[in-house]
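It should be emphasised that the depicted structure is a prediction, and the values quoted were computed from it without experimental measurement. First the proteins, then the strands, lettered A, B, ... as listed; each starts at 1.
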Amino acid sequence: MTFEPEAKRERGFDHTTVEPKWQREWDEADVFHIEDDAKDPEYVLAMFPYTSGSLHMGHVRNYTITDAYARFERLRGENVLHPIGWDSFGLPAENAAEERDTNPRDWTMQCIDSMTEQMKAMGFGYDWDREVTTCEPDYYRWNQWLFKRFRDEGLVERQTAELNWCPSCETVLADEQVEGEAELCWRCDTPIEQREMKQWFFTITDYADELLSELDELDGWPANVREMQRNWIGRQEGDSVEFEVSNHGPVEIFTTRLDTIYGATYFALSPGHPVAQEIAEENDEVAEYVHRVEHDDDEEVDETSGVFTGEYATNPATGEEIPVYVADYVLEDVGTGALYAVPAHDERDHAFAKAHDIPIRQVVEPAADADEDPEDVDVQEEAYPEDGVLVESGEFDGLDSATARERFVEEFDGEHRIEYRLRDWGISRQRYWGTPIPMIRCDDCGHVPVPDEDLPVELPEFVHTTGNPLDAAEEWKHVECPDCGGDAVRETDTMDTFVDSSWYFLRYVSPDLETAPFDAERASDWMPVDRYVGGIEHAVMHLLYARFFTKVLDDIDLVDGVREPFTELTNQGMVLGEDGHKMSKSLGNGVSPQRIIDEYGADTARLFIMEAAQPEKEFAWSADGVQSSYRFLQNVYELADEYADGEVTDRTSDEAATGESADSPVADYVAREIDATIDTATDEYEAFQFNHALQAVRETLSLLRRYREHTAPDPETFERGLVAAVKILSPVAPHFAEEVWERLGNEGLLAEADWPAADAPDDYHIERRLVENTREDVRDIVETVGIEDPETITLAVSPEWKHRARDIAMNADGNVVGTIMGDEELRQRGEDAADFAKDLAARSEALDEQLSPERERAALERAAWLLEREFGADVVVQSAEDADPDLAGKAEPGRPAIDIAE
RNA sequence: GCGAGGGUAGCCAAGCUAGGCCAACGGCGGCGGACUCAAGAUCCGCUCCCGUAGGGGUCCAAGGGUUCGAAUCCCUUCCCUCGCACCA
């Protein structure tokens with residue numbers, strides 16, 4: 001064997017050939033396919049992407065996380081369901097079609113093609129047989145079918161709602177599509193208008209209570225997401241009572257502070273309240289005010305603005321007549337949009353009263369046990385919003401607030417109510433690229449659903465038009481009424497795309513089923529999703545809607561006993577640009593996944609992303625980091641390649657003599673580290689802390705390199721280490737791992753192999769600490785003493801009696817010295833034992849487990865080579881009996897005596 | 001304002017839910033050394049201060065407390081991020 005050419009040979013691997021090769025192999029072996037009859041598989045899911053055209057780093061991170069986890073579970077022998085699909089309806093496709101003079105469908109399909117290609121290039125292992133595309137009729141027909149089932153259940157309503165309307169695009173816009181303070185259409189910069197429209201709604205509020213309460217049980221969800229949903233649902237417990245308003249009849253109010261009713265000094269209506277509107281019709285001043293606040297920006301309207309209506313409301317508690325105002329601070333959609341105001345006990349009411357010169361009357365004062373002294377409360381200056389004890393409240397003086405609220409509901413004919421901030425879900429969109437709502441409007445029969453056998457209602461051909469293309473599709477629009485056969489028109493609105501994503505995870509179970517949205521039995525077995533990973537931006541909308549759907553589907557017996565769709569939820573953090581800012585076009589700090597794949601390969605990108613941070617944390621892209629990941633993979637490959645060529649374990653005649661066998665101390669040391677790494681890596685993968693597992697592998701590889709440099713390694717041990725490392729890397733860097741696996745002469749695919757099994761050796765951590773501490777101590781001594789060239793390092797293990805004394809000290813309660821010296825044998829040690837006992841007594845509370853002298857010695861012998869290597873010195877490990885008594889005397893359990901000779 | 005999560009050495013970032021093994025994992029950057037003709041790669045150290053045998057001092061936002069002992073538990077304050085918010 002000639003050395004020179006070997007050394008010069010290019011030993012790395014070429015990702016441009018390796019990665020496609022293994023992608024083909026996986027595909028051919030159908031590795032990621034899961035059979036329909038699989039029992040309760042591990043369901044690992046990433047939020048499916050919107051078909052925007054190409055993957056960005058956020059996608060890459062998201063899908064790398066689930067892919068790594070899915071691969072890990074598969075190697076451990078689990079059945080894994082890891083599907084992918086396309087959230088492919090939505091306005092952006094219509095816009096893109098306009099811009100490119102094509103149609104949404106062609107554009108979307110093109111996006112799917114190129115995104116699929118990129119996903120495959122990333123090596124994501126999906127069961128492509130379960131691919132789901134929401135814009136296909138065989139998917140959206142089930143949106144329509146489910147809409148009808150929801151309607152049968154009374155969960156669909158037609159309501160009037162105020163919406164963002166763009167007069168130029170002639171369509172409603174979602175709140176997030178209205179830009180800036182000026183509220184401009186994101187497409188054409190036209191100022192949007194509020195427009196009242198009749199819309200189809202899902203009455204998600206019917207489930208408000210359960211959606212809220214079950215959040216408490218979602219232990220696998222991040223606290224902030226649960227909190228966001230709680231906020232969004234916004235449960236409020238209070239009471240409603242009626243006030244008689246002169247000339248306008250009874251007006252219902254909602255309050256959480258019914259106890260303060262005696263302090264009401266005015267009544268306030270929101271500008272949108274029906275009674276306010278009524279008054280506006282006859283009162284110019286009110287009309288003007290209502291008009292102003294409806295059209296001005298929020299900023300321009302003073303917080304304490306409002307106008308007296310000239311009307312009075314009768315307080316049911318006092319019989320008193322209080323003035324009625326219309327005030328902008330009263331919100332139409334909070335409570336009933338009307339309230340009685342108690343300036344003494346509400347800050348906003350207080351500010352309003354001050355501005356309008358309305359009396360302030362205190363009716364609650366701090367209770368006796370409150371921090372605040374009633375004397376210090378001056379409600380003329382500042383509202384006192386706390387609960388307390390009633391005053392100036394007629395016969396109810398002295399009641400505490402809570403009791404008063406209960407009494408007053410009865411007393412004033414009110415009703416105890418629970419209100420939610422959550423509104424019903426308006427699903428109508430005046431857009432083309434969505435699921436047609438399967439309804440027909442007949443002048444005689446009203447709204448009639450499209451019969452099931454006529455589903456799907458397919459989208460007509462796309463036409464370029466200013467308004468809703470469905471409205472312009474005359475031929476499509478006009479149909480016979482299914483009930484009376486008369487002339488009728490189709491509903492031309494389509495569904496919010498969040499409907500699509502509310503149940504897609506169920507469609508994966510049986511993507512081709514033609515008789516139902518999904519196979520109920522299988523879904524009941526496979527659901528819920530065990531691991532769901534996606535961006536925090538979906539914390540409320542998508543995740544709330546999906547929870548709602550799941551509960552409804554359970555209630556209408558389409559699934560059995562699945563109340564929540566996602567058991568464990570992870571929100572992956574953002575990938576920031578190198579400058580630490582969010583990647584964006586305007587900052588020019590974006591990194592294209594394609595470029596990284598081309599340049600370094602998918603595995604490098606995947607490894608870098610997974611090493612950089614835990615999934616839920618954000619991190620900044622780093623060219624250095626990518627380099628480091630790339631080099632690491634190349635180095636591991638090189639090491640494996642050399643091993644496979646026999647270069648690592650080849651022995652010179654010298655080495656043959658000194659011999660490295662599997663039972664030598666060095667091999668033993670390495671073997672134990674390998675076991676510990678496997679143990680750690682397994683735990684960390686389970687805990688979704690991939691970076692910790694990867695760190696452990698890096699350490700193991702560093703150790704293998706040192707082993708190899710130190711001696712001709714034992715082949716069996718060395719190979720076991722390599723294999724373990726490669727297997728642990730394989731979920732993250734799968735192509736690379738397959739390549740190494742093959743290079744090491746293994747048959748079959750690594751993707752179908754078994755996860756390495758090993759437990760950390762007994763007391764591994766104690767041993768590791770002993771070794772690390774000893775190495776550090778030696779370094780410390782060499783450093784501080786300034787020993788240039790140590791010749792021999794002698795380590796002497798502490799004698800058995802010290803171990804015993806220590807054990808006694810650990811178990812002694814109270815009199816440590818006494819207990820130790822009570823031991824016959826130790827007492828015979830005299831002075832030495834007494835000193836040591838005193839020493840132990842001083843830190844008796846801090847004593848921890850240590851190895852026996854024999855095991856300490858064995859551990860040090862296993863690790864001796866590390867010191868030999870580091871200091872170029874001979875290392876001698878001695879038992880206390882063999883060592884110089886002066887030296888051995890200095891040793892303690894867990895801390896060998898050290899002597900360094902130059 | 002309410003709620004959630006945070007503040008760790010030059011930077012990023014573990015550990016903090018089960019207090020001692022924590023001067024505090026790991027990475028980056030920096031410094032020194034080995035190897036090399038050289039560079040790169042790789043390997044070995046160092047990187048709070050002092051110290052000629054494993055020692056001492058000061059540290060984990062700030063202050064206080066509990067404890068033999070606290071980055072870890074409790075209280076207060078300050079700051080940051082996120083969500084909700086003129087919510088009756």
| Given that N773(A) and R698(A) both sit by RNA chain B, which one's nearest nucleotide is further toward the 5' end? | N773(A)
| query | With sequence neighbours excluded, what pairs up with F688(A) under the ring pair (Phe, Tyr, Trp, His ring centres under 6.0 Å) test? | reply | Y69(A), F690(A)
| query | Strictly by modelled atom types, are E419(A) and Q236(A) linked by a side-chain donor-acceptor pair under 3.5 Å? | reply | no
| field | Pairwise C1' distance for rC28(B) and rA34(B), with rounding to whole Å | value | 23 Å
| query | What residues, two or more places apart in sequence or in another chain, satisfy ring pair (Phe, Tyr, Trp, His ring centres under 6.0 Å) together with W221(A)? | reply | none
For nucleotides 42-50 of chain B, tabulate all protein N/O to nucleotide N/O atom pairs closer than 3.5 Å, reporting atom names and distance.
from	atom 1	to	atom 2	distance (Å)
rU42(B)	OP1	R631(A)	NE	3.4
rU42(B)	OP1	N635(A)	ND2	3.3
rC43(B)	OP1	R705(A)	NH1	2.9
rC43(B)	O2'	R869(A)	NH2	3.0
rC44(B)	OP1	R706(A)	NE	2.6
rG45(B)	OP1	R775(A)	NH2	2.9
rG45(B)	OP1	R779(A)	NH2	3.1

| request: For F632(A), enumerate each residue passing the ring pair (Phe, Tyr, Trp, His ring centres under 6.0 Å) test, keeping only those at least two apart in sequence or located in another chain. | output: none
| query | Would you say rA85(B) has OP1 or OP2 under 4.0 Å from some side-chain N or O of R421(A)? | reply | yes
| Donor-acceptor under 3.5 Å (T336(A) side chain, E252(A) main chain) | yes
| said: Nearest to the T255(A) side chain among rG26(B), rA4(B), rA88(B), which nucleotide is it? | reply: rA88(B)
| query | Please give, in whole Å, the distance from rC2(B) P to E386(A) CD? | reply | 10 Å
| Mutual orientation of the aromatic rings belonging to F243(A) and F267(A) [parallel < 30°, tilted 30-60°, perpendicular > 60°] | tilted
| field | Between Q850(A) and R895(A): side-chain donor-acceptor atoms closer than 3.5 Å | value | no
| message | Holding to side chain to side chain donor-acceptor pair (under 3.5 Å), I want the full list of residues that pass it with T794(A), two or more places apart in sequence or in another chain. | response | none
| Can a donor-acceptor pair under 3.5 Å be found between the side-chain atoms of D328(A) and the base atoms of rC86(B)? | yes
| remark: Assert: residue with more 5' nearest nucleotide on RNA chain B, out of V330(A) and M228(A), is M228(A)
| message | Measuring from the side chain of D777(A) (C-beta onward, heavy atoms only), which nucleotide among rG54(B), rG83(B), rC28(B) has the closest atom? | response | rG54(B)
| Is there a donor in the side chain of D874(A) and an acceptor in the side chain of T792(A), or the other way round, less than 3.5 Å apart? | no
| query | Listed by chain and number, what are the side chain to side chain donor-acceptor pair (under 3.5 Å) partners of R235(A), not counting sequence neighbours? | reply | E237(A)
| task | Return the stems involving RNA chain B, sorted by first number, where pairs are Watson-Crick (N1-N3 with N6-O4 or O6-N4) or G-U wobble (N1-O2 and O6-N3), both under 3.5 Å, and runs are 3 or more long. | result | B:1-7 with B:78-84, B:10-12 with B:26-28, B:29-34 with B:42-47, B:48-50 with B:55-57, B:61-65 with B:73-77
| request: Would you list the pairs meeting side chain to side chain donor-acceptor pair (under 3.5 Å) in which at least one residue belongs to residues 260-270 of chain A, sequence neighbours left out? | output: Y266(A)-Y329(A)
| said: Counting the atoms with a prime plus P, OP1 and OP2 as sugar-phosphate, which does T784(A) contact under 4.0 Å by heavy atoms, base, sugar-phosphate, or nothing? | reply: base
| query | Considering only heavy atoms and no angle criterion, is a donor-acceptor pair shorter than 3.5 Å present between the side chain of D780(A) and the base of rG54(B)? | reply | no
Pairs under 3.5 Å (N/O, protein and nucleotides 13-15 of chain B):
from	atom 1	to	atom 2	distance (Å)
rA14(B)	OP1	K617(A)	NZ	2.9
rA14(B)	OP2	K617(A)	NZ	3.2

| task | Please identify each residue that fulfils side chain to side chain donor-acceptor pair (under 3.5 Å) with E227(A), with sequence neighbours left out. | result | R230(A)
| said: With rounding to the closest Å, how many angstrom separate the P atoms on rG29(B) and rC12(B)? | reply: 15 Å
| field | Pair S702(A)-R706(A), side-chain donor/acceptor within less than 3.5 Å | value | yes
| How about T255(A) and R405(A): does a side-chain donor come under 3.5 Å of a side-chain acceptor? | no
Polar atom pairs (N or O), protein with nucleotides 67-69 of chain B, under 3.5 Å:
from	atom 1	to	atom 2	distance (Å)
rC68(B)	N4	E845(A)	OE1	3.4

| task | May I ask you to list the residues of residues 889-901 of chain A, by number, that have any heavy atom positioned under 4.0 Å from an atom of RNA chain B? | result | R895(A), P896(A), A897(A), I898(A), D899(A), I900(A)
